[in-house]
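Single-structure report; data block below.
Predicted, not measured: the structure shown is a model, and the values here were computed from it. Numbers here simply count residues along the sequence, with the first being 1. For the numbers below, each heavy atom of this structure counts, side chains included, while hydrogens, waters and symmetry mates do not.
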Amino acid sequence: MTKKQAIEYIRSTYGVEEDYPWDDSDAFVFRHRVSKKWFCLFMDISASYLGIDDDHIITVINMKAPVSMREDLLREDGIYPAYHMSKQHWISLDLRKANKKMLEVLIDMSFKATAMKKDL
């Protein structure tokens with residue numbers, strides 16, 4: 001799935017737009033409409049930041065995952081402990097390795113994991 005397709009899935013499914021919280025970065029987040037809590041963070045980083053033996057810039061999506069599923073998710077190709085966020089609660093997905101179904105499931109999971117009652 002491409003970055004553009006992932007963004008379109010989030011827009012059409014959750015009715016939200018990208019938010020750019022940092023003036024000096026192209027990274028952006030998707031937030032819940034009511035609580036404004038993040039459920040996805042898109043950023044371009046060096047693959048080496050994830051422990052990959054490669055210095056190319058890749059797009060990752062950070063998403064929240066239930067702690068009970070974390071170890072199983074980390075066994076999947078392209079899923080890593082979160083870059084720049086709590087590694088206990090968040091994962092980073094290398095977008096190059098994501099298939100459509102996997103990405104949609106992870107986005108939906110993150111949306112639910114970060115939602116407050118007023119967001120649902």
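Heavy atoms only, all atoms of each residue included: Arg33 and Gly15 are closest at CD-O, 3.7 Å. Closest non-hydrogen pair, Lys36 versus Arg31, comes out as O-NH1, 3.0 Å. Scanning all heavy atoms of the two residues, the minimum distance from Asp77 to Met102 falls at O-CE, 4.4 Å. Between Trp38 and Pro21, the closest heavy-atom pair is CZ2-CG, 4.4 Å. Annotation for Met85 and Leu41: closest pair SD-CD2, 3.8 Å, computed over non-hydrogen atoms.
Side-chain contact between Lys118 and Ser35 is present, with at least one heavy-atom pair separated by less than 4.5 Å. For the pair Met43 and Thr59, the minimum side-chain heavy-atom distance is 4.5 Å or more. Tyr49 places none of its side-chain heavy atoms less than 4.5 Å from the side chain of Asp55.
Without hydrogens or angle criteria, Asp19 side chain to Phe30 main chain gives no donor-acceptor distance under 3.5 Å. At distances below 3.5 Å, not a single donor-acceptor pair connects side-chain atoms of Ser48 with backbone N or O atoms of Gly51. Side chain of Ser110 to main chain of Ile107: no donor-acceptor pair is present (N/O by atom type, distance under 3.5 Å, no hydrogens or angles).
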Check step by step if side-chain contact (heavy atoms from CB on, under 4.5 Å) holds for Met109 and Met63. CA-CA 8 Å; Met109 187 182 319; Met63 295 169 280; over 6 Å; no

Take Ile7 and Phe42, measure what side-chain contact (heavy atoms from CB on, under 4.5 Å) needs, and give me the verdict at the end. CA-CA 9 Å; Ile7 291 168; Phe42 284 69; 4.1 Å; yes

Can Asn99 and Met1 be said to form a side-chain contact (heavy atoms from CB on, under 4.5 Å), step by step? CA-CA 5 Å; Asn99 66 52; Met1 181 177 258; over 6 Å; no

Please determine whether side-chain contact (heavy atoms from CB on, under 4.5 Å) holds for the pair Asp44 and Lys3, giving the CA-CA distance in whole Å, both sets of side-chain angles, and the decisive distance to 0.1 Å. CA-CA 11 Å; Asp44 295 330; Lys3 184 176 182 178; 3.9 Å; yes

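With hydrophobic clusters built from ILVMFWY side chains whose heavy atoms lie under 4.5 angstrom apart, Tyr20 shares a cluster with Ile10. Hydrophobic clustering (ILVMFWY, side-chain heavy atoms < 4.5 Å, transitive): Leu103 and Val105 are in one cluster. At a threshold of 4.5 Å between side-chain heavy atoms, the hydrophobic network of Ile, Leu, Val, Met, Phe, Trp and Tyr places Leu95 and Tyr9 in one connected group. Taking hydrophobic clusters as Ile, Leu, Val, Met, Phe, Trp and Tyr residues chained together by side-chain heavy-atom distances below 4.5 Å, Val60 shares a cluster with Ile52. Note: the hydrophobic cluster containing Val16 also contains Phe28 (ILVMFWY, side chain heavy atoms under 4.5 Å, direct or indirect links).
No more than 12 heavy atoms of other residues, nucleotides or ligands sit less than 6.0 Å from atom CG of Asp26. Counting non-hydrogen atoms of other residues, nucleotides and ligands closer than 6.0 Å to NZ of Lys112 gives a total of 12 or fewer.
Tyr14 and Asp119 are not linked by any side-chain donor-acceptor pair at a separation below 3.5 angstrom, with hydrogens and angles left out of the test.
The pair Arg11-Glu18 meets the salt-bridge criterion, since a charged nitrogen lies less than 4.0 angstrom from a carboxylate oxygen. A salt bridge links Glu104 with Lys100: the distance from a Lys NZ or Arg NE/NH1/NH2 to an Asp or Glu carboxylate oxygen falls below 4.0 Å. Under a 4.0 Å N-O distance rule, the pair Asp72/Arg75 qualifies as a salt bridge.
Screening residues 79-92 for side chain to side chain donor-acceptor pair (under 3.5 Å) gives Asn62-Ser92 as the qualifying pairs, with residues at least two apart or on separate chains.
Between the CG atom of Leu106 and the CD1 atom of Ile91 there is a distance of 4.5 Å, given to the nearest 0.5 Å. Interatomic distance, His56 NE2 to Ile58 CD1, rounded to the nearest 0.5 Å: 11.0 Å.
The aromatic rings of His32 and Phe111 sit tilted relative to each other, their planes meeting at an angle between 30° and 60°.
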